[in-house]
Every structure is written in structure tokens, then in C-alpha cells.
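Shown next, in C-alpha cells, is the structure this report addresses.
So you know, we letter chains A, B, ... as the sequences are listed, proteins then strands, and number each from 1. Quick caveat: nothing in here was measured; it's all calculated off a predicted structure. Below, each value reflects all heavy atoms present in this structure, side chains not excepted, and no hydrogens, waters or symmetry copies.
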Amino acid sequence: MNLPEFTKNLLNWNQFSNTRQMPWKGETDPYKIWLSEIILQQTRVEQGLAYYEKFISRFPKVQDLALAQDAEVFKYWEGLGYYSRCRNLLATARWVAFENKGRFPPDYEGLLKLKGVGPYTAAAIASFAFAEPRAVLDGNVFRVLSRYFGITTPIDSLTGKKLYAQLAQALMPPDQPGAYNQAIMDFGAVVCKPQAPLCSACVQRTDCEAYRLGVVGDLPVKEKSIKKRTRYFYYFLLKWNDQYYVRQRVGADIWQDLHEWVLIEQAEPLATDSSIYRNLLKKYLGTAKLKQLRVGEEVRQQLSHQTIIGRFITAELTQPLSTETGYQLLSPDALAKLAFPRFITAFSPKP
DNA sequence: AAATCGGGGTA
DNA sequence: TACCCAGATTT
């Protein structure tokens, strides 16, 4: 077999030195592979692992997931982030179970049509479950190839994506696509890491262009940088009749489909004075009054594109709010079944 | 082609 | 703080 030197060394490393173990490794059930891949999108294995175990335990087959209520599945996803993945997960599970006889599409092109499944995930499922020779292109692969071949074309440019896709495909051994895809991602995660890569112990060292030139830390190249904005979220945990006001977030914004307390967003930060918050709430209250209002400390959370700064304010109402507010009253037991963003689960007083 | 979608780990 | 992580979708 006439494989590239890179591929031979990679497979050799995989066979004799790769000790990385994960529950989905070697799995051929497309459901389990699909579930693991969706969970792991832009998510570290260590972070996604517990979620995968929980999901497989509660939803062993795609039918179990398809039959579940949205709220329960979102509760399982709570805290993992990128919640559109959960919405798409449900849509795909139901399509597979109810409209495709419980079968996942058996090839790359068919998999690509599934909601939440893009080029990476389709290639991963196709190669792992169906042994289709489709090279995966994830953050690990970009990094490994960029360094080994000394490629400075930005990985987030269109020409870069084409270049890397062609290269990755050319390096893949046609008879063992799954092992190759798994190996290059493991190699990127364990040896050719973003920071402090293990170059001195790397079996590809002698052929690595970035190592030869001493530019390992400069690769891969990205052209776009993200800019952040700061938002100020003031959450009111309003109690009436031993119940609390809550709503589900809708629209094109963070935390879509998750739940939250009465929210008043501000363009600027607010001080601690309780009068400020009484005034803010006035338009929601009608004739109702606030009792035992408490203003919490300022808290903050960093997201990829936003910094959320805010406070949690608790109060009891003397009357219920108008039904036109869009918020509904729920008991603590009912609230416990709903998914909330981390900002709330981490900082909010318990209802 | 660019902008967004979370949350956590690391230097 | 900035970058990264088994990316995908929308505009």
C-alpha cells in the first residue's frame, strides 16, 4: 500500500501509542455516533462526556429520544450551551424515528440533509458507522495539517477550507476511514495540542514543517477575530401565591428555547438602590405592590460573543401580574422540570 | 463572507 | 483577557 508518510506515521502512532479512550470509540451504531458528535460540536470531550452518558442512559435508542417531551430533553441539555443543537437533535430524532423507519441515512449526502448535521458531522458518522471514506475536518485536523505541512492559509477562509478538505481527503487511507479519522483527531487532542504541544515526543516531528521552522505556536492561522458586546440583565424572581413568573425565550438571541425570570435588560449598569428596581418594574405591576424586595450582588458571565452582567432581584407580589406580560406562574416543582441558562442556574436565588 | 449561537478550560 | 474546543445555521 502506497500511503503518504504522514498517514503511515499517524496510523502507527494510533496503533501503538494512542491510549485515548471514549465510550463512543469503535461504536458503529449511527445513533450513538450521531448523538456523541452533536454533543461534541465546539465542545471538549471532557465537558460532553457526562452529557453523553446521561443521554444514552435515558434515551438508549433514537425512538426513546423521538418520543420524549421537548422540555425533558432540554433539561438534559441544560448547561451544555449552543441550544439550537438540542432543538435540531429533537427534530432529527423524530424524523429518523417517525419518517425514516428508525434508520439514519447510510451515506454522507443523506446525513448532510439532517438538521444540525454539517460537513464535519456527516463525515464522522459516514466514516465511523458506514466505513465511507470521508475525511473529517474539525479543529484538530486543521491544526495538525496546518502545522505538519506548514500551511498559512487561514482556516476560516473559503480557500483555506477547500485546501484543507482536499488535503485531508488525499491523506485518508480508503480502506480504513474510521480509524484514520479517529486517529487524526486523537492526535490533535493529545499530541498536537493548541497550547504546549508535545513536539519533543511527537512521531511526526522530523517531517513537521512547522517544527522545522519553529513556528508551531503560530499555526493554524485564523483571519477573523470575534468582537464582544456587553449586556446588562436584571432578573426579577417574582413570587405570588407560592409560584413564580417565568417565560420561554424566543427569537434570534442567546438562550433561545430556555426559560427565564422576568427580565429587564438595560444598556448601562444599575446601582444597588432598591428604588431603581421598583421603578423599573412599575410598568409590569399595575396595581400590585412589591413586598420584601431584595437586590442581589452584581454577577457576570462570559460568553463567546457577549459579556452578561446583571443582578437577581427577589420580591413578593400583593397581586398577580397582568396576563398580558407573557410570563406565566409556575410552582417550584414545575420549574424544576424546565431548562434555564447557566447565568440563572449559577447565580439566581432558588425559588 | 460574516455574524451568531454557550460554556468551560488554559495560559 | 484571549483563544480554543470532534461546527452549524442564518443573513
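- The interatomic distance linking A:I39 (CD1) with C:dA8 (P) rounds to 15 Å, in whole Å.
- Electrostatic pairing of A:R231 and A:D253 counts as a salt bridge here, judged by a charged N lying under 4.0 Å from a carboxylate O.
- Residue contacts shown for A:G79 are limited to sugar-phosphate atoms, with no base heavy atom under 4.0 Å away.
- A distance-only check finds a donor-acceptor pair linking the side chain of A:D64 to the backbone of A:K61 [under 3.5 Å].
- Using a 4.0 Å heavy-atom criterion, one finds that A:N181 contacts no nucleic acid atom at all.
- At a cut-off of 3.5 angstrom, the base of C:dC4 holds no donor-acceptor pair with the side chain of A:R143.
- At a threshold of 4.0 angstrom between heavy atoms, the contacts of A:V117 are confined to the sugar-phosphate backbone, with no base atom among them.
- A donor-acceptor contact under 3.5 angstrom links the side chains of A:E260 and A:Y235, judged on distance only.
- Here A:R87 lies out of heavy-atom contact (under 4.0 Å) with every strand.
- Using a 4.5 Å heavy-atom threshold, the side chains of A:I313 and A:L280 count as separate.
- Checked for salt-bridge contact, A:R85 and A:E37 miss the test: no charged N lies under 4.0 Å from a carboxylate O.
- Looking at A:W24 and A:I56, their side chains never come closer than 4.5 Å, going by heavy atoms from C-beta outward.
- With distances taken from any side-chain atom of A:Q41 to the nucleotides C:dT9, C:dG7, C:dA6, the minimum falls on C:dG7.
- A donor N or O paired with an acceptor N or O is not found under 3.5 Å between the base of B:dG8 and the side-chain atoms of A:T43.
- You'll find the side chain of A:R300 stays beyond 4.5 Å of the side chain of A:F347, heavy atoms only.
- Rounded to whole Å, atom P of C:dG7 lies 18 Å from atom CG of A:L114.
- Within residues 255-267 of chain A, no residue is approached by DNA chain C to less than 4.0 Å at the level of any non-hydrogen atom.
- Between A:Q306 and B:dC5 there is a side-chain N or O to OP1 or OP2 distance below 4.0 Å.
- Put simply, the side chain of A:Q42 and the base of C:dA6 share no donor and acceptor less than 3.5 Å apart.
- Taking the six-membered ring for Trp and the full ring otherwise, A:Y244 and A:Y327 have centroids separated by 6.0 Å or more.
- Rounded to whole Å, the P atom of B:dA11 lies 15 Å from the corresponding atom of C:dA6.
- Residues A:R249 and A:Q256 have side chains not in contact (no heavy-atom distance under 4.5 Å, counting atoms from C-beta outward).
- Among the heavy atoms of the strands, none lies under 4.0 Å from A:S84.
- More than 12 heavy atoms of other residues, nucleotides or ligands sit less than 6.0 Å from atom NZ of A:K193.
- For the OP1/OP2 pair of B:dG7 and a distance below 4.0 Å, the side-chain nitrogens and oxygens of A:Q301 include at least one atom meeting the criterion.
- Regarding A:L80, its CG atom lies at a distance of 13 Å from the P atom of C:dA6, rounded to whole Å.
- Of the side-chain N and O atoms in A:T121, one or more sit less than 4.0 angstrom from OP1 or OP2 of C:dA8.
- The side chain of A:R342 sits closest to B:dG8 out of B:dG8, B:dC5, C:dA6.
- Candidate nucleotides B:dC5, C:dC5, C:dC3 were compared by shortest atom distance to the side chain of A:D253, and B:dC5 ranks first.
- In this structure, A:N18 contributes its side chain and A:R20 its backbone to a donor-acceptor pair below 3.5 Å.
- The backbone N or O of A:I151 lies less than 3.5 Å from no partner atom in the side chain of A:E209, so there is not a single donor-acceptor pair.
- When the C1' atom of C:dC3 is taken as reference, atom CG of A:N140 falls 15 Å away, rounded to whole Å.
- Among the heavy atoms of the strands lying under 4.0 Å from A:W24 is at least one base atom, whether or not backbone atoms are also near.
- For A:Y82 and B:dT4, the shortest distance from a side-chain N or O to OP1 or OP2 is not below 4.0 Å.
- A:E46 comes within 4.0 angstrom of no nucleic acid atom, judged by non-hydrogen atoms across all strands.
- Rounded to whole Å, atom P of C:dG7 lies 9 Å from atom CD of A:E37.
- The separation of C:dA8 from B:dG8, taken at their P atoms, amounts to 22 Å, rounded to a whole angstrom.
- Taking for each of A:N88 and A:L40 the nucleotide of DNA chain C with the nearest heavy atom, the 5'-most of the two is the partner of A:L40.
- Comparing A:P119 and A:Q47 by the nucleotide of DNA chain C whose heavy atom lies nearest to each, the residue mapping closer to the 5' end is A:Q47.
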Would you tabulate the pairs of protein nitrogen or oxygen atoms and nucleotide nitrogen or oxygen atoms of nucleotides 1-3 of chain B closer than 3.5 angstrom?
unit_1 : atom_1 : unit_2 : atom_2 : d
B:dA2  : OP2    : A:K224 : NZ     : 3.3

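- What separates CG of A:L303 from C1' of B:dG9 is a distance of 15 Å, to the nearest Å.
- What separates CG of A:L219 from P of C:dC4 is a distance of 11 Å, to the nearest Å.
- If you take atom P in C:dC5 and the same atom in B:dA1, they sit 22 Å apart, rounded to whole Å.
- The listed nucleotides are B:dG9, C:dA8, B:dG6; the one nearest the side chain of A:S304 is B:dG6.
- Note: NZ (A:K228) to P (B:dG7) measures 13 Å, nearest angstrom.
- Minimum atom distance to the side chain of A:I254 is reached by B:dG6, of the listed C:dA6, C:dC5, B:dG6.
- Within 4.0 Å of A:V45, counting heavy atoms only, lie sugar-phosphate atoms of the nucleic acid but no base atom.
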